[in-house]
Asks: 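Below: one structure in structure tokens.
In this text the structure is predicted, and so the values were computed from the model without any measurement. Side-chain atoms are counted along with the backbone in the values below, which use heavy atoms only and exclude waters and symmetry mates. The sequence lines fix the lettering, A, B, ..., with proteins before strands; numbering per chain opens at 1.
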Amino acid sequence: MAISNAIYNAVFKRNSVYVTTIFTGAFAFGIGFDTGVTKFWDSWNRGKQWKDIRHKYVEES
Amino acid sequence: MLSRLPAAALSKQGAFAAARTASLRPATRSGSVRFASSDAASSSGFQALLNSRATLASATLLSVGSIAWYTHLYGSLPFISEVHASSPAEAGLHPAAYPWSNKGWFDSFDHASIRRGYLVYKDVCAACHSLDRIAWRNLVGVSHSADEAKALAEEVEYTDGPNDQGEMFQRPGKLSDYMPAPYPNEEAARASNGGALPPDLSLIVKARHGASDYIFSLLTGYVDPPAGVEIREGMNYNPYFPGGAISMPRVLFDGLVEYDDGLERSPWALGTPATTAQLAKDVTVFLAWAAEPEHDERKKSGIKAVILFSALTAISLYVKRFKWTVIKNRKIFYSPPTGKGH
């Protein structure tokens, strides 16, 4: 009960806080989810993508 | 007969007959069920089985199912002969399914292969085939760096204009230019190739049955024509090509193209051996990319979409159950009024 009360007081009590939480939460989830999927994608396709083979053809100057 | 009977009468008759048979009484005309068209034998258990709807349904299902299965497996029904004006060879040999490295749900293109494939396209295919829908800028970040792509574009002269004198002029290519076509128009292409038009390769992988498998099989499938098959002058035999006679000769041979991923970059490493099969594989991957440049991004978005939508589905199913649980578990009692002299 203490936890739900704490959550209620922290998030749901004021609509301004509630809406802000939703927006920032969506933003953070978007970034996190995208990073996670990209990480999986890159590890699954290791050595096949251009960023993996670029160093073979381009000398950094 | 079945269609004429009311359903209730049918089931009643069946149940009654079954009960009769179980008690081993002589099968006689049933007393309680009478039909205008009922016959004496209809009350035996076997007849009931024959007349039941389940029997009819399962027999129908069996026959339809076996016909469907047979035609799926063999293509045509037995004992019903067919005559075709064409032979299977005219549709072309079916290509084998090859394990392309971009075949799986999560697999991106092999970009080193795209780069080699571009080299094969440029050195071999581009002599006759155009690639209208791919611009130099499309190579950037896929198979070449921006500087390399610029250098490749500058090797080609493009007509631009008009300038302030109203005249067209030649200039070296830019990243925004599209790949140069070998012929100015279709008529020129036909005239140079014995009447046959080399198709544009931009979407060829999507445009052919068998896609990559077909392209690879076609490029590596040139053989001598079998006995009895006559190929006209200027044509070549390829069993994968519908009809067998193709105007394009075999173009890929061992060592035809020199790959740039080997020696001068790292002297100790050997480059990819340019065998016929390797050349065909690489150019097929390149063409598959050209037909579908969005491929990698599409699959990545697909992963995200599947995860998100399955999560949302699970949530909505849970919420539905949660909201309905009160209604589903509700019990309604009726207490009749007692006494009171009603």
Side-chain angles (χ1 to χ4, degrees), chain A, chain B residues 100-119 138-152 259-269 271-272 285-286 289 293 295-312:
Chain A
M1 222 34 190
I3 297 172
S4 56
N5 273 339
I7 293 175
Y8 174 78
N9 284 327
V11 181
F12 295 103
K13 200 169 184 181
R14 290 179 176 280
N15 193 48
S16 55
V17 179
Y18 182 43
V19 170
T20 318
T21 310
I22 290 175
F23 280 28
T24 41
F27 185 70
F29 172 78
I31 292 178
F33 185 62
D34 198 50
T35 313
V37 170
T38 306
K39 212 166 192 175
F40 162 75
W41 174 262
D42 288 347
S43 73
W44 185 277
N45 293 305
R46 182 162 306 170
K48 285 165 75 183
Q49 300 183 82
W50 170 245
K51 60 184 161 202
D52 301 326
I53 58 167
R54 183 175 181 275
H55 63 90
K56 288 190 200 166
Y57 307 105
V58 178
E59 279 108 36
E60 302 293 347
S61 53
Chain B
W100 300 101
S101 65
N102 54 300
K103 203 172 189 177
W105 286 13
F106 306 139
D107 293 334
S108 76
F109 276 127
D110 181 357
H111 286 243
S113 190
I114 295 179
R115 188 183 171 102
R116 292 193 297 268
Y118 167 70
L119 216 57
N138 294 126
L139 297 178
V140 177
V142 172
S143 59
H144 295 73
S145 67
D147 292 337
E148 286 174 316
K150 272 180 196 162
L152 288 172
Y259 283 143
D260 65 349
D261 56 358
L263 298 168
E264 77 276 22
R265 298 280 173 197
S266 46
W268 58 87
T272 308
V285 172
F286 173 73
W289 166 80
H295 172 279
D296 292 2
E297 206 49 48
R298 170 172 69 77
K299 283 187 176 170
K300 211 167 139 184
S301 304
I303 297 172
K304 289 183 197 170
V306 167
I307 293 174
L308 284 180
F309 284 129
S310 35
L312 290 176

Asks: Does the pair Glu148(B)/Arg54(A) count as a salt bridge with the N-to-O cut at 4.0 Å?
Replies: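 Salt bridge absent between Glu148(B) and Arg54(A).
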Asks: By a 4.5 Å heavy-atom criterion (distance strictly below it), what part of Phe109(B) contacts chain A: side chain, backbone, both, or neither?
Replies: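 Interface part for Phe109(B): backbone (N, CA, C, O).
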Asks: Ignoring hydrogens and angles, state whether a donor on the side chain of Gln49(A) or Asp42(A) is under 3.5 Å from an acceptor on the partner side chain.
Replies: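 Short answer, yes.
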Asks: Kindly give the heavy-atom pair with the smallest separation between Ser108(B) and Lys48(A), and that separation in Å.
Replies: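 Looking at all heavy atoms of both residues, the closest pair is O-NZ, 3.0 Å.
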Asks: Quick check on Asp147(B) against chain A: is it the side chain, the backbone, both or neither that has a heavy atom closer than 4.5 Å?
Replies: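 It is neither, since no heavy atom gets under 4.5 Å.
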Asks: Whether Arg115(B) engages the ring of Tyr57(A) as a cation-pi pair (distance to the six-membered ring centre under 6.0 angstrom, angle to the ring normal within 45°) should be assessed.
Replies: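 Yes, Arg115(B) and Tyr57(A) form such a contact.
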Asks: So for Ser113(B), is it side chain, backbone, both, or neither that comes closer than 4.5 Å to the heavy atoms of chain A?
Replies: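 Neither part.
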